[in-house]
Trainee: 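My questions all concern the structure below.
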Amino acid sequence: MKNRNGFWGGVLTGVLAVALVAGGIYLGYSAWMLWQYSGTRNASAQSGQSTESVSENSVATQNTLGKLGVIEETIEKYYLEDVKEQTLEDGIYKGMVEALGDPYSTYYAPEELEQIQEKTEGIYYGIGAYIGIDTETSLPRLSSIIDGTPAQESGLRAGDLIYQVDGKDVQGLELEQVTSLVKGEEGTTVRLTIIREGESDYLEIDVMRRKVESPTVNQEMLDERIGYIQITEFDSVTLDQFTEALAVCRGHGMEGLILDLRGNPGGNLSTVCDIARQILPEGLIVYTEDKNGKRTEYSCDGKHEMTEELVVLVDVNSASASEILAGAIKDYGIGTLVGTTTFGKGIVQRIITLTDGSAVKLTVSHYYTPDGNNIHELGIAPDVEIPFDGEAYYNDGVDNQLEEAVRLMNEKLGAADGQEEADGTAA
């Protein structure tokens with residue numbers, strides 16, 4: 001731990017706002033944020049001059065910088081193990097953000113930020129599972145499993161809680177910290193210690209990492225009238241995939257669509273709004289309000305409003321951006337929500353990059369559905385509540401929630417057909 005002038009000189013100057021984020025995932029691009037930190041531990045401090053800071057109330061005073069220096073020297077003198085200077089430096093920044101007590105705000109070292117950016121491209125080296133954080137236990141939870149991936153082949157299931165990764169306890173870790181432990185070089189193996197409902201003991205599951213190309217949209221026709229589209233995440237590639245899937249279903253004569261948002265942890269705000277514009281009537285999609293009450297609205301012109309019947313599947317793992325879409329559909333009354341109450345993440349994060357390639361992610365606003373509902377920590381209740389029958393699904397391959405959605409869709413289409421015949425007779 002040498003070269004302290006270089007260390008303190010690296011206490012970050014200049015900041016750019018890059019993206020709005022939810023659940024650790026990009027939610028869209030924003031304007032410049034003006035914020036500068038110019039406090040340094042340099043010759044001015046040695047000469048007794050006060051160091052510059054962000055504001056009069058800044059914690060980055062000469063006293064706090066001096067105390068950090070004393071702590072660093074104490075660690076160097078007494079701490080049993082060797083520690084890298086960069087580790088301590090990153091710890092300072094992480095500690096400041098963690099002091100907010102907000103599980104969605106964090107500091108990213110440059111390599112961590114690269115991993116987050118890589119995630120939005122839909123290709124990475126890992127196991128092929130979407131991971132969220134269970135708020136009750138503070139443990140990572142597998143929200144969904146990608147078909148044909150190592151996670152599926154190893155027997156992992158949606159809803160599994162991760163207790164350890166390669167023997168390391170992960171309770172209380174940030175989502176990005178967990179995913180960085182799970183991902184790794186192609187061909188290597190990661191051991192997950194799993195807590196699974198119905199099992200009396202931990203499950204030890206070894207999963208070999210490989211290249212995972214993550215399709216975010218799956219599509220099929222369930223019969224000649226009912227189309228099915230699943231969106232697993234709202235990434236930059238999702239809009240084109242959804243547009244194509246919708247066109248394919250319509251090309252097959254779709255009269256009703258089942259849109260599956262179960263296990264969808266969220267994603268890019270601009271993407272979910274663009275997809276909403278393929279579905280919603282004219283009006284608000286969502287709006288946000290920051291700490292100063294500034295309101296930002298995201299709207300739809302209604303030119304592509306869906307005319308087909310719509311049923312939307314949701315569950316406790318449907319979060320953030322998926323709740324934006326589900327909430328708007330419910331408020332406008334253009335579709336029936338089926339499943340269980342959603343996760344309840346009604347806040348927005350912004351990733352702010354620093355000039356050295358690192359970044360901070362901060363919660364910056366609440367979001368509200370078109371009717372003004374704040375769903376944070378409440379979620380969105382379905383119109384038809386039906387818990388998922390995991391035993392039937394994993395033992396017999398029966399998706400009881402999807403079956404209920406199909407039943408409701410057949411009712412809708414039957415009613416629509418009957419109405420058309422009545423209208424025709426009256427004419």
Side-chain angles (χ1 to χ4, degrees), residues 25-28 119-123 128 130 143-149 152 158 212-281 285 300-315 317-330 332 334-339 399 401-406 408-410 412-413:
I25 302 164
Y26 285 87
L27 290 182
K119 181 178 174 65
T120 67
E121 296 175 359
I123 299 175
Y130 292 104
S143 57
S144 61
I145 307 296
I146 300 172
D147 289 340
T149 63
Q152 183 187 55
V212 176
E213 296 188 15
S214 173
T216 61
V217 176
N218 299 304
Q219 167 271 324
E220 64 176 302
M221 291 296 295
L222 300 181
D223 60 30
E224 66 277 5
R225 300 195 301 172
I226 302 175
Y228 170 87
I229 295 178
Q230 177 192 41
I231 304 177
T232 58
E233 198 166 47
F234 293 98
D235 290 341
S236 56
V237 298
T238 307
L239 175 60
D240 288 342
Q241 293 178 2
F242 176 79
T243 302
E244 180 180 355
L246 190 60
V248 170
C249 287
R250 284 173 169 161
H252 283 90
M254 176 184 71
E255 298 176 25
L257 173 65
I258 295 175
L259 179 62
D260 193 346
L261 300 179
R262 293 176 297 176
N264 185 319
N268 187 306
L269 177 59
S270 62
T271 297
V272 72
C273 287
D274 284 339
I275 288 175
R277 294 182 181 107
Q278 305 295 315
I279 298 174
L280 299 179
I285 300 170
C300 174
D301 60 15
K303 293 181 180 180
H304 304 284
E305 180 180 354
M306 178 173 285
T307 57
E308 297 90 350
E309 296 290 343
L310 180 62
V311 173
V312 182
L313 287 165
V314 294
D315 65 8
N317 294 313
S318 304
S320 196
S322 58
E323 291 176 291
I324 289 176
L325 183 56
I329 289 171
K330 183 173 184 178
Y332 282 109
I334 62 171
T336 301
L337 270 59
V338 175
D399 186 338
Q401 291 176 326
L402 179 57
E403 286 191 343
E404 176 64 13
V406 171
L408 286 170
M409 181 59 74
N410 279 320
K412 287 174 175 283
L413 295 177

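Since we're looking at a predicted model, the values are computed, not measured. Only heavy atoms go into these numbers, but all of them, side chains included; no hydrogens, no water, no symmetry mates. The residues of the chain are indexed from 1 along the displayed sequence.
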Trainee: Could you check if a side-chain atom of Ser322 sits within less than 4.5 angstrom of a side-chain atom of Asn317, using non-hydrogen atoms only?
Mentor: no
Trainee: Carefully, step by step, assess Val406 and Val311 under the rule side-chain contact (heavy atoms from CB on, under 4.5 Å).
Mentor: CA-CA 8 Å; Val406 171; Val311 173; over 6 Å; no
Trainee: Nearest 0.5 angstrom please: Glu323 CD to Leu261 CG, how far?
Mentor: 10.0 Å
Trainee: Between Ser320 (side chain only) and Gly266 (backbone N and O only), is there a donor and an acceptor less than 3.5 Å apart?
Mentor: no
Trainee: My understanding is that only residues two or more places apart in sequence, or in another chain, count here; which of them pass side chain to side chain donor-acceptor pair (under 3.5 Å) with Glu308?
Mentor: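 If we apply the side chain to side chain donor-acceptor pair (under 3.5 Å) test to Glu308, skipping adjacent residues, the hits are Arg250.
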Trainee: As an exercise, state the distance from CE of Met306 to CD1 of Ile279, rounded to the nearest 0.5 Å.
Mentor: 5.0 Å
Trainee: Would you please name every residue forming a side chain to side chain donor-acceptor pair (under 3.5 Å) with Asp223, sequence neighbours left out?
Mentor: none
Trainee: Taking side-chain contact (heavy atoms from CB on, under 4.5 Å) as the definition, give me every residue that meets it alongside His304, ordered by chain and number, with sequence neighbours left out.
Mentor: Gln278
Trainee: Restricting to non-hydrogen atoms, name the atom on Gly227 and the atom on Cys249 that form the minimum distance, rounded to 0.1 Å.
Mentor: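 The pair with the smallest heavy-atom distance is CA-SG, 4.2 Å.
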Trainee: Identify which one of Gln230, Glu233, Gln241 satisfies the side-chain hydrogen bond (donor to acceptor under 3.5 Å, both in side chains) criterion when paired with Thr216.
Mentor: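 Considering Gln230, Glu233, Gln241, a side-chain hydrogen bond (donor to acceptor under 3.5 Å, both in side chains) with Thr216 is found only for Gln241.
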Trainee: I need the minimum non-hydrogen distance between Ala321 and Val272, along with the two atoms involved.
Mentor: O-CG2, 3.3 Å
Trainee: Check the surroundings of atom CD in Glu244: do more than 12 heavy atoms from other residues, nucleotides or ligands lie under 6.0 Å from it?
Mentor: no
Trainee: How many angstroms lie between CD1 in Ile324 and CG in Leu269, if you round to the nearest 0.5 Å?
Mentor: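 Interatomic distance, Ile324 CD1 to Leu269 CG, rounded to 0.5 Å: 5.0 Å.
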Trainee: With rounding to the nearest 0.5 Å, note down the distance linking CZ in Phe242 to CD1 in Ile229.
Mentor: 5.0 Å
Trainee: Would Ile329 and Leu310 count as a side-chain contact (heavy atoms from CB on, under 4.5 Å) here? Give the steps.
Mentor: CA-CA 9 Å; Ile329 289 171; Leu310 180 62; 3.9 Å; yes
Trainee: With sequence neighbours excluded, what pairs up with Thr336 under the side chain to side chain donor-acceptor pair (under 3.5 Å) test?
Mentor: Lys412
Trainee: Is the backbone N or O of Leu239 less than 3.5 Å from a side-chain atom of Thr271, with the two atoms forming a donor-acceptor pair by type?
Mentor: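 Judged by distance alone, no pair lies under 3.5 Å.
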Trainee: Listed by chain and number, what are the side chain to side chain donor-acceptor pair (under 3.5 Å) partners of Ser318, not counting sequence neighbours?
Mentor: Asp315
Trainee: Show your working on side-chain contact (heavy atoms from CB on, under 4.5 Å) between Leu313 and Leu402 and close with a plain yes or no.
Mentor: CA-CA 7 Å; Leu313 287 165; Leu402 179 57; 3.9 Å; yes
Trainee: Hey, could you give me the OH/CD distance between Tyr228 and Gln219, rounded to the nearest 0.5 Å?
Mentor: 11.0 Å
Trainee: Taking the side chain from Asn268 and the backbone from Ser236, do they hold a donor-acceptor pair closer than 3.5 Å?
Mentor: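 It does not hold such a pair.
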Trainee: Please name all residues satisfying side-chain contact (heavy atoms from CB on, under 4.5 Å) with Glu305, sequence neighbours left out, ordered by chain then number.
Mentor: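 Applying side-chain contact (heavy atoms from CB on, under 4.5 Å) to Glu305 gives Pro281.
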Trainee: Could you list the residues that satisfy side-chain contact (heavy atoms from CB on, under 4.5 Å) with Ser144, not counting sequence neighbours?
Mentor: Tyr130
Trainee: Any salt bridge (charged side-chain N to carboxylate O under 4.0 Å, His left out) involving residues 257-278? Give me the pairs, sequence neighbours left out, ordered by first then second residue.
Mentor: Asp260-Arg262, Arg262-Asp399, Asp274-Arg277
Trainee: How close do Gly128 and Thr149 get, heavy atom to heavy atom, and via which atoms?
Mentor: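 Closest approach of Gly128 to Thr149: O-OG1, 3.2 Å.
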Trainee: For Ala276, what residues pass the side-chain contact (heavy atoms from CB on, under 4.5 Å) criterion, not counting sequence neighbours?
Mentor: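 Partners of Ala276 under the side-chain contact (heavy atoms from CB on, under 4.5 Å) test: Leu280, Ile285, Leu325.
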Trainee: When rounded to the nearest 0.5 angstrom, what distance separates CG in Leu257 from CZ in Arg225?
Mentor: 14.0 Å
